[in-house]
Each structure stands twice: as structure tokens, then as C-alpha cells.
Number of protein chains: 2
Amino acid sequence: MTVTIYDVAREAGVSMATVSRVVNNNPNVKPQTRKKVYEAIERLGYRPNAVARGLASKKTTTVGVVIPDIANANFAEVARGIEDIANMYHYNIILCNADKRKEKEIRVINTLLEKQVDGLLFMGGVVTDEHIQAFNTSNVPIVLCATTDEKGTMPSVDIDHETAAYDAVRKLIAEGHARIAMISGTLQDPANGFARYQGYKRALEESGIAFDESLVRVGNYRYESGIEAVQYFLELAERPTAVFAATDEMAIGAIHGIQDAGLSVPGDISVIGVDNIRLASMVRPLLTTVAQPMYDIGAVSMRLLTKLMKKENVEQARVTLHHELIVRNSVAPRG
Amino acid sequence: MTVTIYDVAREAGVSMATVSRVVNNNPNVKPQTRKKVYEAIERLGYRPNAVARGLASKKTTTVGVVIPDIANANFAEVARGIEDIANMYHYNIILCNADKRKEKEIRVINTLLEKQVDGLLFMGGVVTDEHIQAFNTSNVPIVLCATTDEKGTMPSVDIDHETAAYDAVRKLIAEGHARIAMISGTLQDPANGFARYQGYKRALEESGIAFDESLVRVGNYRYESGIEAVQYFLELAERPTAVFAATDEMAIGAIHGIQDAGLSVPGDISVIGVDNIRLASMVRPLLTTVAQPMYDIGAVSMRLLTKLMKKENVEQARVTLHHELIVRNSVAPRG
DNA sequence: CTGTTAGCGCCTTCAT
DNA sequence: ATGAAGGCGCTAACAG
């Protein structure tokens, strides 16, 4: 039925060790024998069994990726970065959605480990002690991707969310705005949520602008919640002149919510986001935002993981990628 | 170092066969022994090695997915459908991007097969004889996802692209439009490209509208190419009153291109797309489009694959999912 | 440069 | 209900 290395050996008139050598590009094979073996392989249509290989060599050349939701554009972009680099280093990727739900995250970490992945890339919500504990049941390298753990003990690749938010709000302030609303993510989320909220507060504070709780709405990162938040702001006795949204999707919702109310962006109200999703340049006005290099986060974390897997020594296991203010058309000086 | 089934057996004072049985939920184990084994597993922190399991049982409980580009929202949505159902049936997914490039597709098909996946889901560009040939080197079940092969010999799940396009154009005609432009995908692409182009022509033909080559522009599915196409149409001596775009992304580009030229959608020109991506309801005006059930295509094809893998007999191995016209605000009666 | 020989960790008859 | 034993297909020393 299935042709094995043994069949090839017989067909080529050599031992299976030799076949193994040529398949693995071991230089210690006479060119002539190598040729014979290749021919036998061709003739028989032999295909190496990666599972058997994995068992014998204790390496599977596959890495596990736990991701909140592949259908989310941001994470999909990260995933693409991961896969490109993985591919480059001849690794394959096992992808598991975990929806930022702890139990599910822990569960997939375990099944990934059962599958004997050579490494693990983790994107998720909060990284709790339970996560760390799950990680520690194995000794394959693991890197956090687009997150960090509180303790800072694990290798990770992320941006500085607090400063990204800070920079966005500073931009608004630089344009003369003082009454600046924020559409936040859930404060339980350390990165997209809490850190960005902190950045907002810090920017205000540094400029001597009093923090006003009524100017903050917590959204769920989605477009619709941007619309809702802005509807609320528009009812306020004293409207904000600018809105900072923790994510572009909410920012775009905000833009449309404002426009739907008959006001203009940035004429009446300026809007700024964070992320720089593709969509940001697919709306009118084009969204001013702080770019987060999603693809690179994936690529860099995968690259870091390859080093860890090869036991190369890495100088810096916690890397922070740069964010960048992208000025487009949704922010204007205060009227 | 690593604890094996053998260690557990010793610890529990049973044979490894028994441990194997409890791990695999074989009912032929006395409850009491089962308990002993579980305790030993717990105490030792035993984790079954899926690779060894795979070698011995010839089943890996993982399926391969070749996808054009996970960062593309449509495919990401399909992938999510796949993963959800896979998860439900306790399969894991190995994800490979192949960018619709034949050589890369063939290559990943082979590595996936080497990894002994229990089944394969293929999304790609054209399915050539070479693909079929690659598929035939193995006897794991394979289903085409969001594509079909010309010959119609393989299991597949897709929508009827020709009719979807036809329905879109019929809508435009029903609103009184006769001068209808099309922004097409590449005609080499059987599904999103050629079939949709055919649907456009059929709709015109049936209504006795002469086909006018100058009203067709070939784009690359992207937003920017929608803008470019529409710029071209706007230069025409006799402008179209409606635009049919083969994908929503190009349709949205068209909307913005028209708006940027100072015209109104749908006031001056109506626009309709196909796909119903999330973005379609995140623009102004909201995009009228023909919905393609991406998530379901993924889910159904994975479900079909599970049946094939379990050798259940399937009545219908080629399934066509329904598309649906979603009327929103980008189409108006001809002025 | 090539062959022999042990496993890798588990499943799976076949006995008992 | 449980144990013994033979692979699954391949890699990795170790000889020669």
C-alpha cells in the first residue's frame, strides 16, 4: 500500500540508512548512490512520512499558533506574518482560535503540546498564572505575540500600547483640542484596553487638561460600538471637539456616527484611531491613526521563535516594535 | 525527562495496554483500574504524545488547509468556519498560504500529505490537472472549498458565481439601468473572475442590452483597482449609470472614486458588488451586494470532509450554497 | 561512504 | 478486564 523507506532501499539496492541520508541531504553519500536512490524514490513515488520522522527525531517542524480570532483583520495580518516567516524556515503552522477565552486557550495550548510542536506562538487576552503554568508543563520555546505577561518573564513581541495611545492624544492636543473624548476597549484587556486608556490619561494630564469621566465610553472594539459611543457624546451638554478611539474600527464607527448626525469630520469633530487597519484608508475622510505593525509583529515573533528553537542565543527576548503616527484627513485644528 | 505511557503503567501497577485503553476511553476497563490510572497520570503529569499515536494508529486528527491568503478577509472568514467545525470534531488545522500560485500550491499539498493529515481542504486559484495529480498521490479525502474543478470530479463546496453576478446585474436592470459597467476580476480566475463576467453578460443579453466592451475593466479585486476603473468610466463620452463590481472591495473603491469626483452614489451612479464583506456595511452609502456565505462555505466543507474521513457515505459531494441579494443604499432607480 | 541495530511512544491484535 | 508482543516508518549512533 504505502511505500516506505524500506521499499526504496530494496529497490535501490542500498540500506534504509542510506535512503534516510539522501532524503535528509546528508553529504555523506556518494553522488552515484544518491542518484540511484533518487531514481528509486521517483519510480516508487515515495513520500517521507513526517509523523514517523517526528517520532524518531523528536522534531516535527511545526509550530502551534493560538490566536483569538483568525477572522479578525488584525490577527489575520499577524498570522500572515507568522506564516511567511515560518515558511521561510520550513516550519508549518497549526492554527487554533481561542477567542480570548482562558479555558479554551489553556485547552489548545495542551493539545498543541500533545502534538509535539517545536514551538508555540501565543496571542490571547490576559496571560494569567494558569497560562504560565500550562506553558511550563513543557520545555518547547514559547513567545507571546501582540501581548506580554505582567511579570515580563516570557519572550514577547508587541508594541507599546500606552505610548501609542499617548501619541494619538498628543496629536489631538497639538491641534488645539482640549475637550477630547475616548472610546476605549474593555479595561480588563491589558493591551488594547487598559494600556491605551492609560496613555489617554497621561496625555491629558501632561497638558494640564482635567480628566472628565463622562468623556470616556467603553466599547467592544467593533464598528457598531464606535457609532454608539459617539451618539452618546453628541447628546452631551458640551460636546467633545475630538474623539480618540482605541481601535480604528471604533474610530471609523465614530466617523460614520458623526456623519450620520449631520456633522462633519474633521470639520466639526476630529477623530483619531490606533491600528492602521486597511480600512483606515478605505473611508472618507481617510482616517488619521497610529499604525501598529501587525504583519511585523507576527514576522518578528516567528523569527524570534526560530532562534529559540535552534537554541541560538538571543540578546533581546522581549521586543517592542515601533508604532507610528499616520496623518491623514480625519483630524483638523480645533475650529 | 518526558513521561511516557510506560511510566504511567508502572506507577499505576498495570500494563501499558491498560493505560492506552483508559486514555482512549475504551470501555473495557474496570472503573477501579481506570481510577488508578487517572491518578497515576495526574501524579506524573503525563501527556499523550500525539505523534507516536499518529504513527501507531495512522490517524493524526489534523487536516490540512491550503488557502490563498489568510490576511484576505474573505478567506479568513472561510478559515474561521473551517476551524470552528474542525474543533467541534476534534480535528486541528494546519494552515498554509499559497497565494493562488500553482507551484506553491502543489508544494504545500505535498508537505501536508507528508504530515499525514487525515484530510485536506483546498482553496486556490485554478484547479489544474497537476493539482488533481498531486491529490491522487494519496488517498486521504480532499474537498475543494470556494472553488471547483472544471471536470467536476472532486467533492467541493462553493456558490454559483455566475448566477450571483447575474442576480446583481438583474437588480440594476430592474431599477431601470441599461448602461451598466462592470469591474471584473481576472478572466483566468474561473470563480471570482470568469464566472462573474459570464453572469454579467447573460443578464444583459437576456434583457436585450447590447454588450459594450468599453464598459468592462479588469481589476485585481482590490479597493484601489475599483477606484481606477471608475476613473476610467467617468472619462467616457457616455457614462454608465450603474457599476457592477465583481467584488465588494472593488465596489467600495468605485463608490469612493465616484464620490471623490464630486458625484453621488447612488444619486448619479448606482454601485453593486458581490461578497458582502463586513466592510460593505461600514461605508456610506451602505453597499448593496450579493452575499456569499463565506463562513458557511468553510463550515460546510469541513463538515463534508469529516464525513469523508469517517467513510460515511455522502449523498451529495458537490454542494452549492445559496447566495442572496442584500439591498442596502448604493443602488437607486435610474434618474 | 555505507550498513546494522536500536529505539521513538503508542496502538492493537491475540491470548489469557 | 488485562497483559504480552509486534509493529507503525524513520532517525541516529555505532561499526566497518
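The sequence lines fix the lettering, A, B, ..., with proteins before strands; numbering per chain opens at 1.
- Base-pairing analysis of DNA chain C finds the following stems of at least three consecutive Watson-Crick or G-U pairs, with both pairing distances under 3.5 Å: C:1-16 with D:1-16.
- Contacts of A/Lys36 classified as salt bridge (charged side-chain N to carboxylate O under 4.0 Å, His left out), with partners at least two apart in sequence or in another chain: none.
- The salt bridge (Lys or Arg N to Asp or Glu O under 4.0 Å) analysis of residues 16-29 of chain A, with sequence neighbours excluded, yields no pairs.
- Within residues 30-44 of chain A, no residue approaches DNA chain D, by heavy-atom distance under 4.0 Å.
- Applying the salt bridge (Lys or Arg N to Asp or Glu O under 4.0 Å) definition to pairs two or more places apart or across chains, none involves residues 48-61 of chain B.
- Contacts of B/Tyr6 classified as side-chain contact (heavy atoms from CB on, under 4.5 Å), with partners at least two apart in sequence or in another chain: B/Thr4, B/Arg10, B/Met16.
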Would you tabulate the side-chain donor-acceptor contacts of residues 114-127 of chain B under 3.5 Å, counting partners in other chains and residues two or more places apart, or write 'none'?
from: B/Lys115; atom 1: NZ; to: A/Thr60; atom 2: O; distance (Å): 3.0
from: B/Lys115; atom 1: NZ; to: A/Thr61; atom 2: O; distance (Å): 3.0
from: B/Lys115; atom 1: NZ; to: A/Thr61; atom 2: OG1; distance (Å): 3.2
from: B/Lys115; atom 1: NZ; to: A/Asn92; atom 2: OD1; distance (Å): 3.2
from: B/Asp118; atom 1: OD1; to: B/Thr60; atom 2: N; distance (Å): 3.1
from: B/Asp118; atom 1: OD1; to: B/Thr60; atom 2: OG1; distance (Å): 3.3
from: B/Asp118; atom 1: OD2; to: B/Thr60; atom 2: N; distance (Å): 3.2
from: B/Asp118; atom 1: OD2; to: B/Thr61; atom 2: N; distance (Å): 2.7

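- Sorted by first and then second residue, the ring pair (Phe, Tyr, Trp, His ring centres under 6.0 Å) pairs involving residues 79-112 of chain B (not counting sequence neighbours) form an empty list.
- By the side-chain contact (heavy atoms from CB on, under 4.5 Å) test, B/Lys311 is found to be paired with no residue, residues two or more places apart in sequence or in another chain being considered.
- A/Lys35 NZ: 12 or fewer foreign heavy atoms inside a 6.0 Å radius.
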Protein-nucleotides 10-14 of chain C N/O pairs under 3.5 Å:
from: C/dC10; atom 1: OP1; to: B/Tyr46; atom 2: OH; distance (Å): 2.5
from: C/dC10; atom 1: OP1; to: B/Asn49; atom 2: N; distance (Å): 3.1
from: C/dC10; atom 1: OP2; to: B/Ile5; atom 2: N; distance (Å): 2.5
from: C/dC11; atom 1: OP1; to: B/Asn24; atom 2: OD1; distance (Å): 3.4
from: C/dC11; atom 1: OP1; to: B/Asn24; atom 2: ND2; distance (Å): 3.1
from: C/dC11; atom 1: OP1; to: B/Arg53; atom 2: NH1; distance (Å): 3.0
from: C/dC11; atom 1: OP2; to: B/Ser20; atom 2: OG; distance (Å): 2.7
from: C/dC11; atom 1: OP2; to: B/Asn24; atom 2: ND2; distance (Å): 3.4

Would you be so kind as to tabulate the donor-acceptor pairs closer than 3.5 Å made by side chains of residues 62-75 of chain B, with sequence neighbours excluded?
from: B/Asp69; atom 1: OD1; to: A/Arg80; atom 2: NH1; distance (Å): 3.2
from: B/Asp69; atom 1: OD1; to: B/Ala71; atom 2: N; distance (Å): 2.9

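- Residue pairs meeting the salt bridge (Lys or Arg N to Asp or Glu O under 4.0 Å) criterion with at least one partner in residues 132-144 of chain A, sequence neighbours excluded, do not occur; the list is empty.
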